[in-house]
2 protein chains.
Amino acid sequence: MGTTQLESVPEPKYWQLRTVLTEALDSEFSVGEILPNERDLAARFGVARATLRQALEQLELEGRLQRRRGVGTTVAPPRVGVAVGSAQHTWPGAADDAWQPTDCVLAPPPAAVADLLETGRDEPVHTVRRSRTTHIQPVATELLYVPRSSVPALPAIDTPSGAARARAVLRELQRLPLEGQDQSVELGSAGAEDARELDRLPGAPVLLVTTRFHTAGRTAAVSMATYRADTCRLTFGAFGGVEIHHDPQRHAS
Amino acid sequence: MGTTQLESVPEPKYWQLRTVLTEALDSEFSVGEILPNERDLAARFGVARATLRQALEQLELEGRLQRRRGVGTTVAPPRVGVAVGSAQHTWPGAADDAWQPTDCVLAPPPAAVADLLETGRDEPVHTVRRSRTTHIQPVATELLYVPRSSVPALPAIDTPSGAARARAVLRELQRLPLEGQDQSVELGSAGAEDARELDRLPGAPVLLVTTRFHTAGRTAAVSMATYRADTCRLTFGAFGGVEIHHDPQRHAS
DNA sequence: GAGTGGTCTAGACCACAGC
DNA sequence: CTGTGGTCTAGACCACTCA
């Protein structure tokens with residue numbers, strides 16, 4: 001008598017829960033609707049709150065849910081497609097781009113960036129801060145590193161740090177011939193600052209996009225952008241406008 | 001007397017731990033080295049194991065650690081750059097590509113894919129399974145959906161399902177003129193099957209790459225690839241060979 | 001078998017939003 | 001103030017690997 005478990009545990013409870021909740025979201029809930037609170041949900045499914053939370057975390061990671069401390073858990077809208085690489089490469093700051101410059105300082109970049117720029121590790125570069133929003137939600141922050149050699153005509157550094165100087169640097173960049181750009185995407189977690197700016201908690205999953213801008217055979221600038229992984233689908237090419245309504249948890253054939 | 005906390009909790013313990021461990025990894029550990037087990041580490045830092053694990057999860061997400069049940073926790077090597085989009089677009093199955101076809105069946109695709117292909121929702125399409133490895137580690141699995149109209153010359157379906165048929169479909173694809181491709185990247189979690197194939201646990205974070213191949217103004221094929229997010233850095237363009245040794249947790253200027 | 005990471009529990013308290 | 005999600009604890013047991 002007394003089997004080890006009712007279900008012989010073929011798979012963990014939080015994973016079963018995730019599946020059940022996914023189906024419930026697909027069939028019984030609509031975007032923006034608020035779910036019952038975690039304590040009630042846990043009781044309803046007969047699991048500890050920690051287990052229920054593990055399932056909710058999965059769903060938030062997949063962009064199906066949005067949780068806010070003090071508020072509640074709501075059904076998230078489909079991810080927005082955010083264009084990060086286009087067929088016709090353009091400099092950051094071009095007329096059509098979606099970024100808002102907020103600040104600019106002259107400082108030594110992180111070592112990894114210095115290596116990409118092939119500048120000395122202690123050599124200060126223009127560091128432009130920008131942010132990007134869709135509708136009203138912040139989706140990304142960026143640090144754009146521009147060596148002084150890329151913008152030699154920039155007026156003396158008497159311009160105070162700030163958005164004005166950021167725009168000046170970007171304007172000077174446009175004058176260079178852009179030969180091409182390389183990009184890479186990887187998973188990261190938001191640091192305290194980025195988290196605040198993206199309206200998330202520290203450690204929230206983000207997509208880190210590194211872009212190298214080339215001119216005359218050398219690297220003219222490097223951008224390191226941090227996108228909210230829960231709400232964004234990064235698009236390359238003409239994929240921008242397309243809506244994809246699939247479950248990010250891949251269901252094999 | 002008795003302050004609420006020793007440290008007035010400006011930030012959560014697991015986050016402080018993450019920082020401490022990151023620094024320790026940078027300075028005192030080398031790639032492949034095994035860390036003390038979780039119970040010892042938790043005791044050493046004076047926290048519960050669950051809290052310690054929260055910090056380790058972060059570090060694993062960032063690609064700094066690798067954890068294996070029954071084995072232990074080791075320091076992970078830097079992420080490998082995996083080329084997913086190149087300047088000169090090529091069909092899947094081209095001579096140089098890194099994928100290994102393993103199977104092919106004719107079945108109706110998920111609804112989302114049917115919409116992208118503009119086929120009927122119940123219309124069966126060739127579904128090619130492929131996998132991709134670097135060195136000896138699996139890094140990605142893929143389902144490639146090819147409508148029958150894209151490979152009309154394919155011999156009758158008497159070829160048994162399997163790698164041979166997969167190669168036949170890919171070979172036929174090469175005959176079409178490739179006009180271009182769109183891609184999108186988003187965060188997802190590995191389903192049970194993918195997890196097994198990628199040597200991870202269900203729910204492991206993955207990067208979902210959707211590629212649309214165009215010919216003659218229509219979509220000739222759709223690929224949905226699942227990359228291990230912990231070990232991969234997806235590269236677009238010539239970024240392939242570059243090593244980046246930065247901390248995926250963005251440190252602002 | 002011993003030792004590892006993975007899952008789960010039942011509680012407690014905290015930080016935050018909104019009334 | 002109440003109610004929400006976020007953090008943390010101290011334990012237990014399970015699944016897995018390897019000697």
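Chain identifiers are assigned alphabetically (A, B, ...) following the order of the sequence lines, protein sequences preceding nucleic acid strands; residue numbering begins at 1 within each chain. Please read all numbers here as calculations on a predicted model, not as lab measurements.
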Thinking salt bridges, do A:Asp40 and A:Arg49 make one under a 4.0 Å N-O criterion? no
Integer-rounded Å distance: C:dT4 P and B:Ile34 CD1: 9 Å
Separation of D:dC14 P from A:Glu11 CD (nearest whole Å): 18 Å
Electrostatic pair B:Asp103:B:Arg130 at N-O distance under 4.0 angstrom: no
Nearest to the side chain of A:Arg69, heavy atoms from C-beta on, is which of C:dA15, C:dG5, C:dT9? C:dA15
Does a nitrogen or oxygen in the side chain of B:Arg53 sit under 4.0 Å from OP1 or OP2 of C:dG6? yes
Does A:Thr73 have a side-chain nitrogen or oxygen under 4.0 Å from the phosphate oxygens OP1 or OP2 of D:dG5? yes
Looking at A:Tyr14, I'd like to know whether one of its side-chain N or O atoms comes within less than 4.0 Å of OP1 or OP2 on C:dT7. yes
Report the distance from atom CD of B:Glu38 to atom P of C:dC8, rounded to the nearest whole Å. 15 Å
Side-chain donor/acceptor of B:Arg68 to base of C:dG6, under 3.5 Å: no
Would you call B:Val80 and B:Arg233 a side-chain contact if the rule is heavy atoms closer than 4.5 Å? no
Reading DNA chain D from 5' onward, which residue's closest nucleotide shows up sooner: A:Gly70 or A:Arg67? A:Gly70
Nearest whole Å is fine: how far is C:dG11 C1' from A:Leu52 CG? 16 Å
Over how many whole Å does the gap from A:Leu65 atom CG to D:dG6 atom P extend? 11 Å
Taking NZ, NE, NH1 and NH2 as the nitrogens, is one of them in A:Glu23 or A:Arg18 under 4.0 Å from a carboxylate oxygen of the other? no
Determine the contact category for A:Leu56: base if any of its heavy atoms lies under 4.0 Å from a base atom, sugar-phosphate if only primed atoms, P, OP1 or OP2 are that close, otherwise nothing. nothing
Could you pick out which residue, B:Ala50 or A:Arg39, lies toward the 5' side of DNA chain C when each is mapped onto its nearest nucleotide? B:Ala50
If I take atom CG in residue A:Asp199 and atom C1' in nucleotide C:dA15, what distance separates them, rounded to the nearest angstrom? 15 Å
Write down the distance between CG (A:Leu201) and P (C:dA17), rounded to a whole number of angstrom. 10 Å
Taking the side chain of B:Ala48 as heavy atoms from C-beta outward, which of C:dC8, C:dG6, D:dT9 is closest to it? D:dT9
A:Arg49 (side chain) and D:dG6 (base): donor-acceptor pair under 3.5 Å: yes
Rounded to whole angstrom units, what separation is found between the CD atom of A:Gln16 and the P atom of C:dT7? 12 Å
Taking only the side-chain nitrogens and oxygens of B:Thr51, find out if one of them lies under 4.0 Å from OP1 or OP2 of D:dT7. no
Across all chains, not counting sequence neighbours, the side-chain hydrogen bond (donor to acceptor under 3.5 Å, both in side chains) partners of B:Arg67 are B:Glu38, B:Glu60
For D:dG3, take OP1 and OP2 only and decide whether either is under 4.0 Å from a side-chain N or O of A:Asn37. no
